[in-house]
Amino acid sequence: LGFGTPPNANVGEVDNKGVNVTLGSKGKFSKDWHWDLNIAVTTYHSEVVKLNGVSDFYNPNSSDFAGPVVDNAIGYPLGSFYGYKVIGIFQNQNEVNNSPVQQDKAVGRFRYLDANGDGVINDEDRVHFGDPNPKFTAGINIGLSYKNFDFSTFSYWSYGNDVMNIIGQNSDIFAIGEGGDKSKAALYGSWTPQNPGAQIPIPEAEGSFSTTQVVNSYALEKGSYFRNKTMIFGYILPAGFLQMFKINKLRVYAEVSNL
């Protein structure tokens with residue numbers, strides 16, 4: 001007797017369409033100077049087109065927040081972020097009184113989008129507010145050589161994807177992980193009557209529906225980045241010098257990564 005692990009199963013279909021373009025060229029500037037260049041650019045569109053027996057399903061591995069933050073639904077990109085969309089912070093009691101019904105709403109707390117316009121903020125107002133899939137990615141390989149010296153580098157660019165920054169959220173909002181480390185933004189950027197333009201809600205000892213107890217879009221950030229993945233400097237020792245040690249060829253190099 002024991003406990004079995006549920007088997008993996010195909011629960012639907014995803015349509016991924018895109019284009020990949022690769023360009024390469026090599027040549028020399030002179031007798032001793034040579035170059036080699038390769039560029040690959042990819043763009044694609046991802047969409048869930050079929051789910052077997054359900055309209056959507058949550059990713060169980062995305063629940064580091066107040067609940068699962070990824071919801072895969074027909075018509076949306078795979079891995080879409082889902083929850084309440086923050087449209088601002090209540091600035092005064094008049095705004096609180098004249099806004100849709102929202103649990104725990106108060107001055108200094110988040111205002112959520114009334115997506116269906118019925119005047120009540122509830123589960124029906126959750127929306128897909130972020131896409132983790134980049135609009136395009138690019139990889140660039142550059143190589144240069146001069147006599148016995150060589151240099152190569154590889155850089156990667158991802159553009160147009162969204163990320164959910166849980167570490168940033170936990171350190172920015174005082175009601176999350178009260179005993180944990182907090183950011184400079186939590187100290188100087190939280191909402192107070194003297195700081196009405198803040199993006200971070202009012203510091204409180206406990207969370208609520210209108211701050212941290214439900215998944216919302218506060219942690220959404222642009223995920224685009226450019227990174228130099230590797231850079232290598234090399235040198236091939238002269239053949240005459242190596243013959244003394246009965247070595248045909250020896251190249252020494254230094255490499256750095258993730259600059």
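Keep in mind that the numbers below use all heavy atoms, side chains included, and drop hydrogens, waters and symmetry copies. Everything quoted here is computed from the prediction, not taken from an experiment. Throughout, numbering of the chain's residues begins at 1 and tracks the sequence.
Listed by first and then second residue, the salt bridge (charged side-chain N to carboxylate O under 4.0 Å, His left out) pairs that reach into residues 110-119 are E95-R111, sequence neighbours excluded. Sorted by first and then second residue, the ring pair (Phe, Tyr, Trp, His ring centres under 6.0 Å) pairs with a member in residues 189-212 read Y84-F209, Y112-F209; sequence neighbours excluded. Within the structure, salt bridge (charged side-chain N to carboxylate O under 4.0 Å, His left out) contacts touching residues 155-166 (residues at least two apart or in different chains) are D162-K222.
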Donor-acceptor contacts, no H, no angles, side chain residues 33-48, under 3.5 Å, sequence neighbours left out:
residue, atom, partner, partner atom, Å
D36, OD1, N38, ND2, 3.3
T42, OG1, N20, OD1, 2.5
T43, OG1, K135, O, 2.7
Y44, OH, N133, OD1, 3.0
S46, OG, N16, OD1, 3.0
S46, OG, L78, N, 3.4

Could you give the side-chain donor-acceptor pairs of residues 239-251 under 3.5 Å, partners two or more places apart or in another chain?
residue, atom, partner, partner atom, Å
R251, NE, D150, OD2, 3.1
R251, NH2, D150, OD1, 2.8

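Looking at residues two or more places apart in sequence or on another chain, you find a ring pair (Phe, Tyr, Trp, His ring centres under 6.0 Å) between Y159 and F136. The ring pair (Phe, Tyr, Trp, His ring centres under 6.0 Å) check on F233 picks up F151, with sequence neighbours excluded. In terms of the salt bridge (charged side-chain N to carboxylate O under 4.0 Å, His left out) criterion, residue partners of K17 (sequence neighbours excluded) are, by chain and number, D15. Residues passing the side chain to side chain donor-acceptor pair (under 3.5 Å) test with T137: none are found, sequence neighbours excluded. For R126, there are no salt bridge (charged side-chain N to carboxylate O under 4.0 Å, His left out) partners two or more places apart in sequence or in a different chain.
Within the model, atoms CD of E255 and OG of S257 stand 4.5 Å from one another, a figure rounded to the nearest 0.5 Å.
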Evaluation steps, ring pair (Phe, Tyr, Trp, His ring centres under 6.0 Å), between F110 and Y218:
CA-CA 9 Å; F110 289 136; Y218 174 82; 5.7 Å; yes
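Using cut-offs of 30° and 60° on the angle between ring planes, the pair Y156 and Y225 is tilted.
Other residues sharing the hydrophobic cluster of Y188, ordered by chain and number and joined by side-chain separations under 4.5 Å: L187. Apart from V49 itself, the hydrophobic cluster it occupies contains nothing, where clustering links Ile, Leu, Val, Met, Phe, Trp and Tyr at side-chain heavy-atom distances under 4.5 Å.
At a threshold of 4.5 Å between non-hydrogen side-chain atoms, the residues S99 and F90 count as touching.
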